[in-house]
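Here the structure is laid out as structure tokens; the discussion comes afterwards.
What you see is a predicted model, and the numbers here were worked out from it, not measured in a lab. Lettering of chains follows the sequences in order, A, B, ..., and the numbering in each one begins at 1.
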There are 2 protein chains.
Amino acid sequence: MADEPISEKKRPATLGDVARLAGVSASTVSRALSRPDLVNEATRERITWAVSRLGYIPHGAARALAGRGHRAVGVVIPSLRFGVFAELVETIQARLDEAGFGILLGHTGGDPEREYEQARALVERGVDALVLIGNAQQPRLLRLITDVGVPVVTAFDYDESSALPCVGVDNEAAGRCLAEHLLDQGYDEIAIITQPTLSNDRSGKRVDGVASALRQIGRAVRPEFLIECDGLAPSARDAMGALLGGEKRPRAVVCFSDLMAIAATAECRAQGIAVPGEIAIAGFSGIGLSDMVDPPLTSVRIPAVEIGDLIAERLLAHLMDRAAVGSALVAHELLLRESTGALREL
Amino acid sequence: MADEPISEKKRPATLGDVARLAGVSASTVSRALSRPDLVNEATRERITWAVSRLGYIPHGAARALAGRGHRAVGVVIPSLRFGVFAELVETIQARLDEAGFGILLGHTGGDPEREYEQARALVERGVDALVLIGNAQQPRLLRLITDVGVPVVTAFDYDESSALPCVGVDNEAAGRCLAEHLLDQGYDEIAIITQPTLSNDRSGKRVDGVASALRQIGRAVRPEFLIECDGLAPSARDAMGALLGGEKRPRAVVCFSDLMAIAATAECRAQGIAVPGEIAIAGFSGIGLSDMVDPPLTSVRIPAVEIGDLIAERLLAHLMDRAAVGSALVAHELLLRESTGALREL
DNA sequence: GATATTATTGCAAGCGCTTGCAGTTTGAAG
DNA sequence: CTTCAAACTGCAAGCGCTTGCAATAATATC
């Protein structure tokens, strides 16, 4: 009954409306809202009342323009379809939200060109900081970043020599570690199914890691055992099909995502090839499903949530207290499961 | 060599800077940027030159404030961890991006309370429209929406009587359709593993659908066969364990997401129960992996991409041309696969 | 040639909110 | 009773960009 709005209809209430209703100046309302301690308690209460009476909602753009910053950070990722990115985004959003920051999203589909565009669009939109994936940004993007002066943190790949602060794992070590495990198990011909390594430095480094492990024992990755696909299940399965149909068959296949590994396993199953036993298959990322499939999948867990937390933390420290942001190396973890179990004697 | 910035350092270039450099007024620059046809070609070229010379990037907040709208829409979802939401978000982002709109994200974790908060935060942030999930918004949220007057479209559930325009499937029909298939196959004791139905109207309606199918043949869902879990793999697996450990075992289990179904299957496998044969398991959503697991999973596909497209389309039509937004029913699709194959005679 | 159009551009008034600075009030100290 | 600091508030000046309106220049109509 006390709810009928004063104004005729549309126009949302402004600071001024609240001020008028509360019988104070706009400045006071503004302060009451952002620095309550500066305002007399009685006044503040009257203002609070007016605010809810009018259903007043501060106008973000006006605030941003008047110098408070936009309170938003942009996150540019290849695609939400890959679980790790979704987890990263969700974690960052949750953490920043607590501090009143929102997040704006951009997808690249793995295209560096689009990465630039998306980042730029987000900057234009006014983000106070940017999160990018990996450490292989185009020079153009790097230039934009320094020109505009937005703080940036990159995710998922730790690289000492990165131009930007980064939080991630040592992908080369991760690749090597997985390969060594395979070698230990007796699988010596290792193939790789990966996303395009040109636009994906994480994959590139993992390949290097595998190659490095092979080199230790005097071998190398055969060119025909390195297959790129778009990262989704169908194309990964095709890739496995190609591997299986080749002259020589690999004894082990490492896929740079669990999704691809599961697809590869499906192809083996379809062709009646035992996993493990005839072929070992390993994944990457350690998504929640990897231990629910048959056989449970060996994988290198990439702690997306931890990375997201560390990034959010850094961003906030910088945004709130202007603290310098530094890089952080987080540990990957080898999840040993059946898919790379013992080799069956042939 | 011709790249040294005029200004000493920081302050990003403004419209005024460009105007000065190009020897015109700010208004002209503004027009050259947003309505090129209104500006003389020669002038426009000079402006373009000045823009790139200065690396000028328009200030989003100022634009928004000056009346162009924020060019952003907010999307509030339970969690990106569920593939369908990630797909929805990605699709919407991609489509809106083409039109120069960005998207702001909010996660609720399935909590209606947080849904309100997140929606409000997004409104405050200035989104021009909102996308919500399902049709069970709190009255409070509905009020906020009408108060502020933001256009809203809800996703994933089609409901004629919804207060808001919605784009989605008929969840009750989807549930019924899956149950009927199970019944056809001879599985007559159907259990359900679901996310909490209180905060999730889609699940509630699916339950209704299953119940309705059962009622057709004079049966009902036994209370102990309706189990809620948080929707993630581990808890779904536990739920399956509970089902298996009960007095009476169900003959079929429908899970309201493929992820849960895969987890449930894992539990059966661990207990040496044949799927199908002893127990049939079906999922929901039709994620890319569902036909790669063993056994391939029967599922009801919810076309997230199509829904996202339709929503983006509607939003844009409204945002650009003020067209009214209406609801749309999209078809679900029963994907018949082995996990609900023939019942084995006991 | 004179007048009506049309094409370009500049002016100035904000959009809604934050903030430095200054005025007012009040209580304490001298 | 003054004097002064502390506690509140209000004033006014923007933040960077868009836009209706007016002014000027260029082109077209009689």
*With A/Glu41, which residues qualify under side-chain contact (heavy atoms from CB on, under 4.5 Å), at least two apart?*
A/Arg44, A/Glu45
*Atom CG of B/Asn40 to atom C1' of D/dT27: distance rounded to whole Å?*
14 Å
*Annotated protein contacts, base or backbone, on nucleotides 16-23 of chain D with a non-hydrogen cut-off under 4.0 Å, one of B, S, - each*: BBBBB---
*Quick one: which residue pairs count as a salt bridge (Lys or Arg N to Asp or Glu O under 4.0 Å) with a foot in residues 98-112 of chain B, not counting sequence neighbours?*
none
_Nearest whole Å is fine: how far is C/dA7 P from B/Asp37 CG?_
11 Å
*Separation of A/Arg44 atom CZ from D/dA7 atom P, in whole Å?*
14 Å
*Applying side chain to side chain donor-acceptor pair (under 3.5 Å), name anything that partners A/Ser327, two or more places apart in sequence or on another chain.*
none
*Side-chain ion pair, B/Glu115 and B/Arg140, N-O less than 4.0 Å*: no
_Expressed as a whole number of angstroms, how long is the span from B/Arg46:CZ to C/dT8:P?_
14 Å
*Tell me, which pairs form a side chain to side chain donor-acceptor pair (under 3.5 Å) where one or both residues lie in residues 23-32 of chain A, sequence neighbours left out?*
A/Ser25-A/Ser27, A/Ser25-A/Thr28
*Could you tell me which residues satisfy side chain to side chain donor-acceptor pair (under 3.5 Å) with B/Ser199, sequence neighbours excluded, listed by chain and number?*
none
